[in-house]
Amino acid sequence: MLRSGISAPEGTLRLDIDTGALKENWRVLNSLSGKASAGGAVKADCYGLGVDTCVPALREAGCRQFFVAHWSEVEAVSAHVPASQITVLHGPVTCAEAAYAQSLGTIPVINSVHQASLWLESGGGRCHVMFDSGINRLGLDQSELSSEVVSQLDIDVFMSHLACGDEENPMNSRQLELFQSAAEQLNHRRLSLSNSAGIGLGHDFAFDMTRPGLALYGGVPRPELSDHIRQVAYLKAALIQCRDLDTGDTVGYNATFTAPGPMRIGIVSLGYADGFLRSWAGNGTLYSGQSKLPLLGRVSMDMIAVDLAEAPNLSEGDWVSVPYDLPVAAQQSSLSQYELLTVLGQRLRP
């Protein structure tokens, strides 16, 4: 509230989160995991949809294991769940990070012999270990499993990560075999391999715990999940001006659209600063109810133009919908379903 005592007006952008759909997505993914329990990847502010909205909903649904990437993400998540239920995937790279984990009881993922040494030097205790079964990002390689340092770890979950889980790719079975073989070399309590796509691969990939992320928030990485996952994020933006064009008038930067005849257009308060990127141009369509509002010209930082031919009665202040069913939106925008969520700008954050 400003010093004048007048609250700021409602914005011209809206991101609505269907927490009921989010809860149901977790429940169905937990069920599809068979005997395994499903955790939840809540990194990157719950894939852009907001920790303060999503983590309580996941907790209420029954989720008890939460995964973030950075240590800086722990504080926000721990406002809603015990720190002991939070796992940091990047692990402790410095002594300060190891000490931070010890002070909170947060669980680190150990990805290297260096991290194993740091963790033991900080006092050790329960941790998870990542094995690189072929994606060549983070994780111990085969030769490091026999390290004396690694053998001293108190490993709760021994895990790996699929590289091609969203495809029919022989690498999936190769990673599965490597993971099973590696797991025999270290003492551990539980095993975890599957992300959202891995859950779609079936129970052979589930083990003791799955780690869904994208599918929680409405993404469909594999066709096996398409009948189960509900849309979670709904975007709306307001019209801030309507205008009439004559034949030959152009729209937007670089004049990439020219009016073929007289037409009415609307200027919408949405742009690439909000995560509606330029790749939408040429294919994007907004909606007013069932009426289609094709995108015209370039996407600007804060504005886009749409054709109002199917909704001529719209006026300034009216709301229009941005299609955000993730599989469909990915086809229209050429962005991945992951990007569609995580690029959402701060003005759209709930």
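These values consider heavy atoms only, across backbone and side chains, with no hydrogens, waters or symmetry-generated copies.
Ile155 is not connected to Leu89 by any chain of hydrophobic side-chain contacts under 4.5 Å among Ile, Leu, Val, Met, Phe, Trp and Tyr, and they are in different clusters. Cluster membership for Val113 and Val88, using ILVMFWY side-chain heavy atoms within less than 4.5 angstrom, is not shared. Under the 4.5 Å side-chain heavy-atom criterion for Ile, Leu, Val, Met, Phe, Trp and Tyr, Val157 and Leu162 are members of distinct hydrophobic clusters. Leu138 and Val150 are not part of a single hydrophobic cluster, where members link through side-chain heavy atoms under 4.5 Å apart. Under the 4.5 Å side-chain heavy-atom criterion for Ile, Leu, Val, Met, Phe, Trp and Tyr, Leu29 and Ile17 are members of the same hydrophobic cluster.
Smallest separation of non-hydrogen atoms from Thr247 and Pro260: CG2-O, 3.8 Å. A pairwise comparison of heavy atoms in Ser288 and Leu314 identifies OG-CD2, 3.6 Å as the closest pair. Nearest approach of Val268 to Ala237, heavy atoms of both residues: CG1-CB, 3.5 Å. When every heavy atom of Ala98 is checked against every heavy atom of Leu118, the shortest pair comes out as CB-O, 4.1 Å. The shortest non-hydrogen separation linking Ser173 to Pro170 is OG-O, 2.9 Å. Between Ser269 and Ile240 the shortest heavy-atom distance is CB-CG2, 3.9 Å.
Proximity of Pro323 to Gln332: side-chain heavy atoms (C-beta onward) are separated by under 4.5 Å at one or more points. Looking only at side-chain heavy atoms (C-beta outward), Leu22 and Leu58 come within less than 4.5 Å of each other. Within the 4.5 Å cutoff, the side chain of Leu335 has heavy atoms near those of the Ser279 side chain. Taking the side chain as every heavy atom from C-beta outward, Val299 and Leu277 never approach each other to under 4.5 Å. In this structure the side chain of Leu120 reaches within 4.5 angstrom of the side chain of Val149, judged on heavy atoms. A heavy-atom distance below 4.5 Å is not found between the side chains of Val343 and Tyr338. Between Leu104 and Ile86 there is no side-chain heavy-atom pair separated by less than 4.5 Å. Thr285 is not listed as a side-chain neighbour of Leu295, based on a closest heavy-atom distance of 4.5 Å or more.
No donor-acceptor distance shorter than 3.5 angstrom exists from the side chain of Ser334 to the backbone of Gln331, with no hydrogens or angles considered. Distance alone, capped at 3.5 Å, places no donor-acceptor pair between the Asn283 side chain and the Trp280 backbone. A donor-acceptor pair under 3.5 Å is formed between the side chain of Ser78 and the backbone N or O of Glu75. With hydrogens and angles disregarded, a donor-acceptor distance shorter than 3.5 Å links the side chain of Glu97 to the backbone of Val93. In this structure, the side chain of Arg59 engages the main chain of His80 through a donor-acceptor pair within 3.5 Å. With hydrogens and angles disregarded, a donor-acceptor distance shorter than 3.5 Å links the side chain of Ser333 to the backbone of Ala329. Of the possible polar contacts, one joining the Gln175 side chain to the Ala163 backbone as a donor-acceptor pair under 3.5 Å is found. Of the possible donor and acceptor atoms, none in the side chain of Asp45 sits under 3.5 Å from a partner among the backbone N and O of Gly48. A donor-acceptor pair is defined here as one N or O able to donate and one able to accept, closer than 3.5 Å; such a pair exists between the side chain of Asn172 and the backbone of Cys164. Between the side chain of His188 and the main chain of Asp156, no donor-acceptor pair closer than 3.5 Å is present.
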Run Leu270 and Val322 through side-chain contact (heavy atoms from CB on, under 4.5 Å) and show every step you take. CA-CA 10 Å; Leu270 178 70; Val322 183; 3.7 Å; yes
Walk me through whether Phe131 and Gln142 qualify under side-chain contact (heavy atoms from CB on, under 4.5 Å). CA-CA 8 Å; Phe131 168 66; Gln142 188 72 43; 3.6 Å; yes
Chi angles and distances behind the side-chain contact (heavy atoms from CB on, under 4.5 Å) call for Leu140, Asp132: CA-CA 6 Å; Leu140 297 166; Asp132 175 31; over 6 Å; no
Can you list the steps and then say if Glu73 with Lys43 is a salt bridge (charged side-chain N to carboxylate O under 4.0 Å, His left out)? CA-CA 7 Å; Glu73 299 176 296; Lys43 59 185 179 177; over 6 Å; no
Worked check of side-chain contact (heavy atoms from CB on, under 4.5 Å) between Met159 and Val129: CA-CA 6 Å; Met159 62 176 65; Val129 165; over 6 Å; no
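How far NE2 of His128 is from CD1 of Ile107: 4.0 Å, rounded to the nearest 0.5 Å. From Thr87, atom OG1 reaches atom CZ of Phe66 across 10.5 Å, with rounding to the nearest 0.5 Å. Taken from CD in Gln185 to CG in Leu145, the straight-line distance is 5.0 Å, to the nearest 0.5 Å. Atom CD of Glu24 sits about 10.5 Å away from atom CG of Asp18, to the nearest 0.5 Å. We find the CE-OH distance between Met303 and Tyr272 to be 10.0 Å, quoted to the nearest 0.5 Å. In this structure, Leu201 CG and Leu193 CG are separated by 8.5 Å, a value rounded to the nearest 0.5 Å.
Residue pairs meeting the side chain to side chain donor-acceptor pair (under 3.5 Å) criterion with at least one member in residues 233-245, sequence neighbours excluded: Asp244-Arg264. Judged as a side chain to side chain donor-acceptor pair (under 3.5 Å), the pairs with a partner in residues 290-300 (not counting sequence neighbours) are, in order, Asn254-Arg298. Counting only residues at least two apart or on different chains, the side chain to side chain donor-acceptor pair (under 3.5 Å) pairs with a member in residues 105-125 are Gln102-Ser122, Asn111-Gln115.
Using modelled atom types and a 3.5 Å distance limit, the side chains of Glu144 and Ser147 yield no donor-acceptor pair.
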Without placing hydrogens or testing angles, list every side-chain donor-acceptor pair under 3.5 Å for residues 205-222, not counting sequence neighbours.
| residue | atom | partner | partner atom | Å |
| --- | --- | --- | --- | --- |
| Asp208 | OD2 | Leu191 | N | 2.8 |
| Thr210 | OG1 | Ser33 | OG | 2.9 |
| Arg211 | NH1 | Ser160 | O | 3.4 |
| Arg211 | NH1 | Ser192 | O | 3.3 |
| Arg211 | NH1 | Ser192 | OG | 2.8 |
| Arg211 | NH2 | Ser160 | O | 2.8 |
| Arg211 | NH2 | His161 | ND1 | 3.4 |
| Tyr217 | OH | Ala41 | O | 2.7 |
| Arg222 | NE | Glu224 | OE1 | 3.1 |
| Arg222 | NH1 | Gly165 | O | 2.9 |
| Arg222 | NH1 | Glu167 | O | 3.2 |
| Arg222 | NH2 | Glu168 | OE2 | 2.2 |
| Arg222 | NH2 | Glu224 | OE2 | 3.1 |

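Under the salt bridge (Lys or Arg N to Asp or Glu O under 4.0 Å) criterion, Glu316 pairs with no residue at all, not counting sequence neighbours. Applying the side chain to side chain contact (heavy atoms under 4.5 Å, CB included) criterion to Leu326, with sequence neighbours excluded, gives Tyr324, Gln337, Leu340, Leu341.
Classification of the Tyr100-Trp71 ring pair by plane angle, with boundaries at 30° and 60°, yields perpendicular.
Between Arg126 and Asp154, no side-chain nitrogen of the basic residue sits less than 4.0 Å from a carboxylate oxygen of the acidic one, so the salt-bridge criterion is not met.
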